[in-house]
K.L.:
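This is the structure I want to talk about, given as structure tokens.
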Amino acid sequence: VARGGHGEQAWGDDRPGDGALVAAVGEQSHEALGEIYRRHGAAVWSVAKRVCPTAELAEDVCEQVFAELRSRPQRFDPDRGSLRAWLVARAHSRAVAAARSERDPRAGSTPPSAEVEVAAHAGALDEDARRAIDQLPSVERDCILLSYVGGHPCGETARLLGVPEATVKSSIRRGLLNLRQAQEAEGVSR
Amino acid sequence: VSNSNGTIGDHPVDDLAAYALDALDDAERLAVDDHLTHCLACRAELAGHHETLATLTSDEAPPAAIWQRVTAGIDAAGLLDPPTAGPAPAPAPSSPAAARRPDPLRPTSAARTDAAAGTDEATGPEVDDAVGTVHSLAPATEARTGRSSGRRWLAAAAACLVAAAVTGGAVGYAVGSSSDDDADIGSLAERAADDPAGVLATLDDTSGQPVAKVVADQDGAFVVLSGLQDLPEGRAYQLWSLTGPQPVSLGMLGRYGTNTVAFRLPPTITELAISVAPTSGEVAPTGDFSASGSVTRS
């Protein structure tokens, strides 16, 4: 981790947890917001960039996520998971909404095949994530990539893959649980 | 393993997984929202899904312009140096978007916290709905369209509108009474008011006294409040569109009864009203309106 970022200088060696930082944001601490951005800005950005069709939209999403945290920090409930997971989830929701509203139904009269699209989405992941996803059974991998990275609703994913919508949903769940299990086995913690 | 309905017992576990990926349609999403309000087990499972998904992120530093935009609403005195996000040092603001926005947002009071707030607790779905609404009301392209350099604040305002609206349904931004932008916006509003066609609406209080005007010219729309009472700390005026089945927030107007606030006036809006709300705004007006009036367009 790069030394000398603003947050680290501000907080020194006695780094507060994310929950304390969010509480400080509620007290209008700009330093706390800066430290949160330093810790999680890249994760938020990577999700927004992956899902949004343009960098411009991704920037908007990123900004909105941190603006929301700044103005409504109480929306984050530390009892319901980590700040990073919450920020990433907020970014994803906003990115999907932005991507869907930008999607022009007239454009792309010949959409890429599901296979091509899945490969493109896998390529957008970094190496660790791609390796984890690639270990899943292919239907689980395809459903997660088309939904999570492609931003497709389950119905669209079902059409793209030629499987029932219920299969898409159950595959997503099994895939997520398999990913979790694999991460726990590897002792991944981020 | 879930049964053929995608449930385990009463728990819609398959829909919950799709929910975590934002892949449900609206009706399904609302049903899961409803279930989550009373099901601890599903909240825990959802949190687990979110943690899993958060491990699929990467550590690429975001463009520096984003941090500048996040802090644009913080008073200049409190501005931070851009923090370095992730392990890589923050790059120079060289993204295309930054290049298009040489002065993305002036660090003034243009984007006050109270303008960036709008809804109350537990508004995840509502906020996402607001994204769609806002994109239709204020197309992103419009928000990004700068005008002449002398009107930079307008471009900034437009950008704030999107940010503020998406943050909580408020589509407005208050101009601080201590900012030197006041002269700017005040004279624009005056000029608009001088043009007889510029006054689109007069909002009267409950006794029929005019307390607010809506003026517009090619530079934008403004609410000019005069004669309303100043509100105590923690309360603020909120502007509503009453066109349509339910009131829709157009933004917060601040707590001062004499004030000028720029806002976006979608062309379909014909009825306006002002309520008193908590500073953060309300999803729906809870009290009587302080003033109301109709929009006339020549």
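Residue numbers start from 1 in every chain, and the chains themselves are labelled A, B, ... in the order their sequence lines are given, proteins ahead of strands.
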K.L.:
Once you round to the nearest 0.5 Å, how far does CG of B:D22 lie from CZ of A:R94?
P.N.:
11.5 Å

K.L.:
Using a 4.5 angstrom heavy-atom cutoff, name the option from A:E127, A:R80, A:K49 with the most pairs to chain B.
P.N.:
A:R80

K.L.:
Whether A:E59 and B:R69 form a salt bridge (side-chain N of Lys/Arg under 4.0 Å from carboxylate O of Asp/Glu) is what I want to check.
P.N.:
yes

K.L.:
Just verifying a value: how many Å separate B:T57 OG1 and A:R50 CZ, rounded to the nearest 0.5 Å?
P.N.:
7.0 Å

K.L.:
Does B:E51 pair with A:R84 as a salt bridge, N-O distance under 4.0 Å?
P.N.:
no

K.L.:
Using a heavy-atom distance cut-off of less than 4.5 Å, which residues of residues 141-151 of chain A contact chain B?
P.N.:
A:I144, A:S147, A:Y148

K.L.:
Counting only heavy atoms closer than 4.5 Å, note whether B:E45 contacts chain A via side chain, backbone, both or neither.
P.N.:
both

K.L.:
With the threshold set at 4.0 Å, does a side-chain nitrogen-carboxylate oxygen contact exist between B:E28 and A:K169?
P.N.:
yes

K.L.:
Heavy atoms only: give me the nearest A:A42-B:E60 pair and the separation to one decimal.
P.N.:
CB-O, 3.4 Å

K.L.:
Scan the side chains in residues 154-161 of chain A for donor-acceptor partners under 3.5 Å anywhere in the protein, sequence neighbours excluded, and list what turns up.
P.N.:
{"from": "A:E156", "atom 1": "OE1", "to": "A:H152", "atom 2": "ND1", "distance (Å)": "2.5"}
{"from": "A:T157", "atom 1": "OG1", "to": "A:P153", "atom 2": "O", "distance (Å)": "3.4"}

K.L.:
For a quick test of reading the model, state the closest non-hydrogen atom pair linking A:D126 to B:S58 and the distance between them.
P.N.:
OD2-CB, 3.3 Å

K.L.:
Contact between A:D128 and B:L56 at the side-chain level, heavy atoms closer than 4.5 Å - yes or no?
P.N.:
no

K.L.:
If you count heavy-atom pairs under 4.5 Å with chain B, which of A:S170, A:G81, A:A48 comes out on top?
P.N.:
A:S170

K.L.:
In Å and rounded to the nearest 0.5 Å, what is the OH to CD1 distance from B:Y19 to A:I172?
P.N.:
14.5 Å

K.L.:
Going by atom types only, do A:R70 and B:T71 share a side-chain donor-acceptor pair under 3.5 Å?
P.N.:
no

K.L.:
Are A:L33 and B:W67 packed together at the side-chain level, in the sense that at least one heavy-atom pair is separated by less than 4.5 angstrom?
P.N.:
yes

K.L.:
Supply the atom-to-atom distance B:L21 CG to A:R173 CZ, rounded to the nearest 0.5 angstrom.
P.N.:
13.5 Å

